[in-house]
> 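To start, I am sharing the structure in question, which I have written as structure tokens.
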Amino acid sequence: MDMQTRKETNATVVTINGRLDAVTAPEYEKKLNELIAGAEAGFVVDFDQLDYISSAGLRVLLATAKKLKGKGGQIRFANVKGPVKEVFDISGFGSIFQMEDSVEAALAKISA
Amino acid sequence: MITVEHLSKKFGDLVVLKDITIEINKGEVISIIGPSGTGKSTFLRCLNLLDRPSSGSISIDGVNILEAKADVPKVRQKMNMVFQSFNLFSHLSVLENLTIGPIKLRAMNKQEAEQKALNLLKLVGLAEKADNYPDELSGGQKQRVAIARCLAMDPEIILFDEPTSALDPTMVSEVLSVIRRLAKEGMTMAIVTHEMDFARDVSNRVLYMDEGLIYEEGTPQQIFENPRKEKTRAFINRIRSCNYQISSPDYDLYAMNAEIEAFCEKQILPRKTRHNLLLLVEELLQLYNPFLRTMPLDLTLSYSEKKESLELVCESKGEAVNPLAHNLLPDELGLIIINNLAASIAYSRVNDTNRVIVLMKKS
Amino acid sequence: MKKARLLALICLILVTAVTGCRESGKVITGFDDAKNAKIGVMTGSTGEAIAAARFPKAQVKSFDDIMDAVAAMKSGQLDAIITSYPLALQVAKKNPELWRLPEPLDNEETAIAIKKGNDELLTAVNRIITEIKGDGTLESLKKRWFKEDLAPYEEMKIALPKEGKALKIGVSATREPFSFVDKNGRVTGHDGELARIIGAKLHRPVEFSDMKFMALIPALQSDKVDLIITGMTATDERRKTVDFSQSYFTNAQVMLVKKTGEAKTTTASAPVGSAHQNEDIKALEQIDGKRIAVLSGSAGDMAARKHFPNAQFQVLTAAADAALAIKANKADAFIYDKSVLLNLVEKNQGLIILDEPVDKLEVAAAIKRDNTALLSSINDVFHDLGKEGALQRLRLKWIDSKYAVTPQLPPVNNAQVTGVLKMGTCANLEPFSFQAEGKITGLDIELSQLIGERLGKKIELLDMNFEALIPALQSGKIDFALSNFNVTEERKKLVLFTLPYIENDISALVRRSTAPESPGAQALVGPINETASNNSTKITSVADLSDKRIGVLLGSVHDTYALEHYPKATILQYKSPSDLVLAVKSGKVDAGIYTRETLIEILRDDSELGLVGESILAAPIGMGFNRDNGQLREKFNEFLRQIQQNGVYGDMVERWMTKGSTQMPEIAQGKANGVLVVGNVSDKGLPFTVVKDNQLIGFDIELAERFAAYLDKDIKFADMEFGSLIAAVSTGKIDMIASTLMFTEERKKKVDFSDQYYAMGTNVFALKKNIAVPGPMAEARTPSLSFMQSIANSFQSNILQENRYLLIWDGLKTTVIISVLATVFGTLLGALVCFMRMSKNGALNVPAKIYISILRGTPVLVLLMLIFYVVFASVSIDPVFVAIIAFGMNFAAYVAEIFRTGIEGVDTGQTEAGIAMGFTRVSTFLYIVLPQTVRRILPIFKGEFISLVKMTSIVGYIAVQDLTKASDIIRSRTFDAFFPLVMVAILYFLISWILMQSLEYLERTTDPKFKRRKVRNA
């Protein structure tokens, strides 16, 4: 797992890469929880480098979103594409999450 | 017509044919199929004694041709052979290839032989190539000439040793159609082939050879649609499979992924299929996860080249449980994905074993 | 001209390459350096034995030809070459970087043989030889008999006593110039004269017994003769059965080595006529540092070494050699007894004695150290004798007079004897003290008599070894010694010396500073005087050949003759008479030496050539017989005697030799007693053997035919290479050789000779325009012909004349027959071998493999000779058949492998298809594999076949007359190289081309596509 975070003015950009599967999901969850606990409210998750996602990954994302919602924060996804997008689509997540074409667009949405 | 009993053939220490017993009747078209290196060609070559059997007997019309006094060349004239590599006589024209046998062996006069040869060339559609030389023909044409050359000797049976293996795919059909035509005309033939559809269409009887034996024998329907033996079935469907045993929730997903990837690589499956397969396996295992501690999972992945289908068979011995049942799931996310990837999912319980067969959607 | 230049350039490059590649050879300056050197010798020569004996640690390499050895030395593969003196001289002259070590390694001594035990005669002969050596008689003999020109021999008249017991001399009068029979039937030659001199000195008439060389020693042992004087070499083998006198002629074995660095530069700066010559020696001090010739162990030797420590010494064995060495500029001075030198100067105008003596030689009597009384009394006697002129008289009598007969001692006056004086002497020091007619005589003896008379004592002579004289004096066994004692410092420590009774100068002999002026002297010096002959390119007499290029037939007697007699000439050896004549005509050599009879025939047709002088050498010829067939030989000798008596022989000589007839008489051949197979060489040349109108004709042929008729046998000629004749007769292939066979010792080991049936002369010949006094017609008669004209002439003489085209035609047929049949046989045999080779059965394939490797690894010529001379040695077999077998066998080995590759190249699928169709293995091979193999191998087969055709040109070795041989025969008649050779080349090409076309036709018929193309075109 290799997660990078970048602090932007109004949100934290989280870049995840490689696989988000049953093996890596718990770690991503832990990291994201730490960020949320650190009073981060706005998140943009950049999927550009992600090759694979399974239901375990989707659950982490869902749980994170729920937590943020409880805190009044918000999460937006950027660059969801390819096989990952397909998984989003078949699982119906595509309609649950707000997805943008780029990190900048997502940031703009958060600030708005 | 031909009776083969307990035929065996060894090359040094290597046993190629173990114990073959079979009868070929007049007018029969027999296809011999099976994996490479299981002695199909050797069997054929033993029939006309190009390779001399180590033991057993071959009787033609009641005469054992393995006896010393047998006139083997005479027997061969009645039992001509078509080779994988054509073996046309390169110093002779197409016409001469057809006439040399009748003239030299049958004492047929030249004119008669040539007339007959031209008729046969017409039959195989190569009359205009009569004066050409073998190196001026395409592979398919060569093989048709080779078949005509056999016919010129008026054989009682023709042995085909993988007649299309050395051909470009585009030339296979022209050769097969000639053989089909012969079959229709009632020629007795034994054909070693890898063309399954052709074997199914043309033959009365199919021999599936494996491990130096006639492993299964039957009508084309029997062999191709309902093979009794697993190996036959696997061969017919050209099934390749791999198998994993998972006995703990802490299984190594990545190691398994690597194996699946390697398998896919071998079958030359597209990237998409590979991705979906990995996702499917992971989701299935997620569902099985709660039971792994008590019930080890036996996962078999099979790919049928013929059907181009991927099948996952998950077997777990123990209490009757279908992990895919809705009631057992924390959420439906995994199942949704599985359902989306699978063409069919079937649960059955056979002898204390829960079996889930997932057939993947073709992507 | 361009060609010649190109050739010269190539040679130069080659030589540079050869010499340049390894210069770091060992430098040899003396025999000690040669111990571990690489030494080249000629196979079977004395040099070989010498090298093995003297340089056991050296690497000895044998060569057939001196030129090969020289090339090897120049390329650094050899450090030295051991060879005979004349050859070494020759080589050193041509190769300035090489030189001959002055000391001879060994000398082959020519000596007089005397029956063992006849010591008296031996002593006398030895004395005489010493005597004639000293007085220059021997040198004069050598000069007059071993001539370098063809001027008639000048025999010295020797008066022999008519009365007395005759001295019987055994000679083999076929050994010119040692001993031979002159036109008056007298035995003459160097040894003939020597024998007469000996007879004269012994006061006995001489009686010669001419016999076979081999019979001489038995004759001596059985007292049939007293002496053998016939150029016999004193070998150890012979020494076991006879005694030899001291040598009267020496043939040295010398060592040829590379020059050391300094020596090289010296010669390089002055390659011809070198620096030594230019700087004339006028005073003694100039000698030091020069090359000095001395005689081994002589007083001159010691004196020279003492006075000229920086000189380079050349130790020789004879004074005459030393004189020659100076004249030939091989040495600069010769230091020796003045009396001998005077003798040499008298005979060699180019030489001079330096006025100042090098040293003095004093001869005195030795007396015991403490016996001063005797010393003073003898000194008184010497003093008186000197005063009275008695010493001078003695000297004149014994030393200076060159007596022919040993002088007599005056009777001893024993009137007033009061005691005895014991005198020691060593009686083998002529003229001082030696034995003659059983008595000790000489100057010392006569002197001792005088001493005795004066002192009133009886002199008692004690003959002892020289080394024993001084101890004998010291122990008082003798009172004094007179034995040519040279006074030396060492001896003075041991004994007392009286006043010298003889004083002799040791002087230096050098070249005269200016060329001799008198024409007489020039003629006398003759060939040795380089300036004289160099100025003229024309040949006036055989003497002018000395520095010219001389062509000879390789290995012939002329070859040896030229080497011996023209050591300074360039001798070029040719393989055939036609080549030799061509070389003379094309100016490759200035003159040639060849059999006179043949030359006369050539000159009949060739106006460009002319003979120089008279015959220089006569060689007896005879028929050669198998050594086991003595009966046939006897028959022949009997026959020869018969025809010599009944005039038939004379008629033959008249017709063939004198008139130059080319007509063979009809000789009815008998049939009753089978066939006589006669070996000959058809291109020997007229008048002996030649092919005319496709018939063998000539003297040899007629003689052989007459002999066959005499035996009542049919005759069959086997025409072969000269080199094969002896092998053929010794293996019984032929019954006799009738081919102008000269008698040589070498050949006598292999075959038995009949009696001599003819003696061939030897002549020098050259282009007429190069002969100084040309025939009046010569220049006019050789107008330059136009090219077309000369071609037409050549065509006329080589092809049309005498129907020579028939010869070519027959040769052509033979060549084609051999080629084709050998190919057929070889192909069939090759197929069999190939079948065996490809068999899995070891019993078949192993022999086949061995056959192939042996046959492919053997030169076909060797195989041919082996089959003819060994395998079918005792079978009468047609040589054409042998040729077919030999070439076929060779061809088979190659073809078998070609077949194998061809067969293995055919895909096994073809065989399988045939078998599966119902063909048997054999018919599959015939109908399926073979046609494909043939097509595959034909191109290679063709090449192999062409080389076979060309290879057949060697069949001449086994008496087959093929195309090449036919051209040789024609060339031997016409001496025209161009036309026959070019024609034969063209014919070979045509045969190859036609045969190749037929094979190509076969190739096309086996090429299916060609066949179809033809059908389509039709």
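Proteins get letters first, then strands, A, B, ... in listed order; numbering begins at 1 in each.
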> Say you draw a straight line from CD1 of B:Ile100 to OH of C:Tyr927; how long is it, rounded to the nearest 0.5 Å?
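One finds 8.0 Å between CD1 of B:Ile100 and OH of C:Tyr927.
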> So what's closer than 4.5 Å to chain C heavy atoms on B:Asn48: side chain, backbone, both or neither?
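Only the side chain of B:Asn48 comes within 4.5 Å of chain C.
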> Using the rule side chain to side chain donor-acceptor pair (under 3.5 Å), only one of C:Gln932, C:Arg936, C:Arg935 pairs with B:His91; which is it?
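Among C:Gln932, C:Arg936, C:Arg935, the one meeting side chain to side chain donor-acceptor pair (under 3.5 Å) with B:His91 is C:Gln932.
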> Examine whether an atom of B:Leu49 lies under 4.5 Å from a heavy atom of chain C, and if so say whether it belongs to the side chain, the backbone or both; otherwise answer neither.
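No part of B:Leu49 comes within 4.5 Å of chain C.
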> Heavy atoms only: give me the nearest C:Phe919-B:Lys104 pair and the separation to one decimal.
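Shortest heavy-atom separation between C:Phe919 and B:Lys104 comes out as CE2-CB, 3.6 Å.
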> Heavy-atom count check: over 12 atoms from other residues, nucleotides or ligands less than 6.0 Å from B:Gln111 CD?
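Open.
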> Say you draw a straight line from OG1 of C:Thr920 to NZ of B:Lys74; how long is it, rounded to the nearest 0.5 Å?
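Answer for the OG1-NZ pair, C:Thr920 versus B:Lys74, is 12.0 Å.
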> Which distance, rounded to the nearest 0.5 Å, do you find between the CG of B:Asn87 and the CE of C:Met917?
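Here the rounded value is 10.5 Å.
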> Can you see which heavy atom on C:Ala913 is nearest to which on B:Arg149, and at what distance?
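Scanning both residues, the minimum pair turns out to be CB-NH2, 3.5 Å.
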> Identify which part of B:Phe83 has an atom lying under 4.5 Å from any heavy atom of chain C, answering side chain, backbone, both or neither.
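The side chain, not the backbone.
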> Does atom CZ of C:Phe835 have more than 12 heavy-atom neighbours from other groups under 6.0 Å away?
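Check fails, neighbour count at 12 or below.
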> Side chains of C:Glu912 and B:Met81, heavy atoms from C-beta outward: is any pair under 4.5 Å?
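The answer is no, as the side chains (C-beta and beyond) never meet within the 4.5 Å cut-off.
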> With rounding to the nearest 0.5 angstrom, report the CG to OG distance, C:Asp907 to B:Ser85.
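Between C:Asp907 CG and B:Ser85 OG, I get 6.5 Å after rounding to 0.5 Å.
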> Quick check on B:Asp51 against chain C: is it the side chain, the backbone, both or neither that has a heavy atom closer than 4.5 Å?
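When you check distances to chain C, no heavy atom of B:Asp51 falls under 4.5 Å.
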